[in-house]
Amino acid sequence: MKLVFATNNKHKLDEVKAILGNRVEVLSLKDIGCFDDIPETADTLQGNALIKARYIYEKFGANCFADDTGLEVEALGGEPGVYSARYAGEECCPEANMKKLLHNLTGKSNRNAQFRTVIALIIDGEEKLFNGIVKGRITEEKRGDSGFGYDPIFVPEGFSESFAQMSSEQKNSISHRYRATEQLSDYLNKTSDSF
């Protein structure tokens, strides 16, 4: 089975391909010749995932899935959430996002947070949503240099290392994206005979 993953983010592609294995051929936007800047204008993660998946399905007629991920920090009322990628401004980088988040948590003892990934799948016009959550806490300073995004300041529950201190295999076995992609994988396995 071929599925388009509505991303050109190499980190995400590698993670998802590793989880889905050989059962599914995962194509990137580049693979199908899509270089459009797909707007993410929803105010929820599931809304953005659906916008991206519907865009690809309607324009290219390809079975596809898209994801949106947010870091939700308890003491900040769920921020940055849907704005995680552009928390410090439209043209910002992960470094600026982490700096702003750590600044906003200055003096706060509650550092509980969760990463949440929502995957929207469209196959033959039918839409399904899958949620993956990993709970943890925000560190006082950056730790580690692997991973991407907020990985250096997020320690998952039950661990002492940040995501950025873990091997990609270890992170992939517990991450929010892994949990959502596992649900996607289970669904594809159960229904693959009908595709």
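Atoms considered below: every heavy atom in the structure, side chains included; atoms not considered: hydrogens, waters and symmetry mates.
The salt bridge (Lys or Arg N to Asp or Glu O under 4.0 Å) pairs that include a residue from residues 97-112 are R111-E140, where partners are two or more places apart or lie in different chains. Listed by first and then second residue, the side chain to side chain donor-acceptor pair (under 3.5 Å) pairs that reach into residues 39-50 are N48-D68, sequence neighbours excluded.
Of all heavy-atom pairs spanning N63 and D124, the tightest one is OD1-N, 2.8 Å. Annotation for P156 and F163: closest pair CG-CE2, 3.6 Å, computed over non-hydrogen atoms. Between N189 and R23 the shortest heavy-atom distance is OD1-NE, 3.0 Å. Between G144 and Q165, the shortest heavy-atom distance links the atoms CA-CG, 3.6 Å. Across every non-hydrogen atom of S185 and L20, the tightest pair is CB-CD2, 3.6 Å. Pairing each heavy atom of A66 with each of A6, the nearest pair is CB-CB, 3.8 Å.
Residues L101 and P80 are in side-chain contact: their nearest non-hydrogen atoms beyond the backbone lie under 4.5 Å apart. Looking at L102 and I153, their side chains come closer than 4.5 Å, going by heavy atoms from C-beta outward. Using a 4.5 Å cut-off on side-chain heavy atoms (C-beta onward), E15 and Y178 make no contact. Side chains of L45 and E72 form a contact here, defined as non-hydrogen atoms less than 4.5 Å apart. Considering only heavy atoms from C-beta on, L121 comes within 4.5 Å of F130 through its side chain. For the pair L129 and L50, the minimum side-chain heavy-atom distance is below 4.5 Å. By the 4.5 Å heavy-atom criterion applied to side chains, P94 and F148 are not counted as neighbours. Counting heavy atoms from C-beta on, the side chains of M166 and I174 come closer than 4.5 Å.
Using a 4.5 Å cut-off between side-chain heavy atoms of Ile, Leu, Val, Met, Phe, Trp and Tyr, with links allowed through other members, M1 and V26 fall into the same hydrophobic cluster. Clustering ILVMFWY residues whenever any of their side-chain heavy atoms sit less than 4.5 angstrom apart, transitively, puts I56 in a cluster other than the one holding L3. Hydrophobic cluster membership is shared by I123 and L184, with clusters built from Ile, Leu, Val, Met, Phe, Trp and Tyr side chains linked at under 4.5 angstrom. In the hydrophobic clustering of this structure, V16 groups with I119; members are Ile, Leu, Val, Met, Phe, Trp, Tyr whose side-chain heavy atoms approach within less than 4.5 Å, directly or through other members. The hydrophobic cluster containing Y57 does not contain L29, counting ILVMFWY residues as joined when their side-chain heavy atoms lie under 4.5 angstrom apart, directly or transitively.
Distance check: E79 CD to L105 CG gives 10.0 Å after rounding to the nearest 0.5 Å. S162 OG to E141 CD: the interatomic distance, rounded to the nearest 0.5 Å, is 10.0 Å. Taking CG of D151 as the start and NZ of K142 as the end, the distance is 12.0 Å to the nearest 0.5 Å. Distance check, rounded to the nearest 0.5 Å: CD of Q170 to OG of S146 gives 10.5 Å. Taking OG of S160 as the start and CZ of R143 as the end, the distance is 7.0 Å to the nearest 0.5 Å. Going from atom CZ of R179 over to atom CG of N131 covers 12.5 Å, rounded to the nearest 0.5 Å.
Shown are L71, N104, N110; of these, the side-chain contact (heavy atoms from CB on, under 4.5 Å) with L76 is made only by N104.
Checking side-chain atoms of D36 against main-chain N and O of I38 turns up no donor-acceptor pair under 3.5 Å. The backbone N or O of Q183 lies less than 3.5 Å from no partner atom in the side chain of D186, so there is not a single donor-acceptor pair. Within the 3.5 Å criterion, the main-chain N or O of G81 finds no donor-acceptor partner in the side chain of Y87.
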- Task: Given side chain to side chain donor-acceptor pair (under 3.5 Å), test S175 with N172 step by step and report yes or no.
- Result: CA-CA 5 Å; S175 79; N172 287 353; 4.9 Å; no
- Message: Could you go through C34 and F60, starting from their C-alpha distance and side-chain angles, then the distance that decides it, and tell me whether this counts as side chain to side chain contact (heavy atoms under 4.5 Å, CB included)?
- Response: CA-CA 9 Å; C34 177; F60 293 89; 3.4 Å; yes
- Message: Applying salt bridge (Lys or Arg N to Asp or Glu O under 4.0 Å) to E169 and K171, what does each step give before you reach the verdict?
- Response: CA-CA 6 Å; E169 293 77 22; K171 179 195 166 189; over 6 Å; no
- Task: Evaluate side chain to side chain contact (heavy atoms under 4.5 Å, CB included) for F154 paired with I138, printing each intermediate quantity in order.
- Result: CA-CA 5 Å; F154 182 83; I138 303 298; 4.2 Å; yes
- Message: Please evaluate residues Y150 and N97 with respect to the criterion side chain to side chain contact (heavy atoms under 4.5 Å, CB included), reporting the C-alpha separation (whole Å), side-chain torsions for both, the decisive distance (0.1 Å), and the verdict.
- Response: CA-CA 8 Å; Y150 294 91; N97 288 334; 3.3 Å; yes
- Might you work through the side chain to side chain contact (heavy atoms under 4.5 Å, CB included) test for R177 and T117, ending with a clear yes or no? CA-CA 6 Å; R177 188 167 292 108; T117 292; 4.2 Å; yes
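Taking 4.0 Å as the cut-off between side-chain N and carboxylate O, D14 and K10 count as a salt-bridged pair. The pair R54-E127 meets the salt-bridge criterion, with a side-chain N (NZ, NE, NH1 or NH2) lying under 4.0 Å from an Asp/Glu carboxylate O.
Annotation: side-chain hydrogen bond (donor to acceptor under 3.5 Å, both in side chains) contacts of K30 (sequence neighbours excluded): none.
The aromatic rings of H176 and F115 lie parallel to each other, their planes meeting at an angle below 30°, with 60° marking the opposite boundary.
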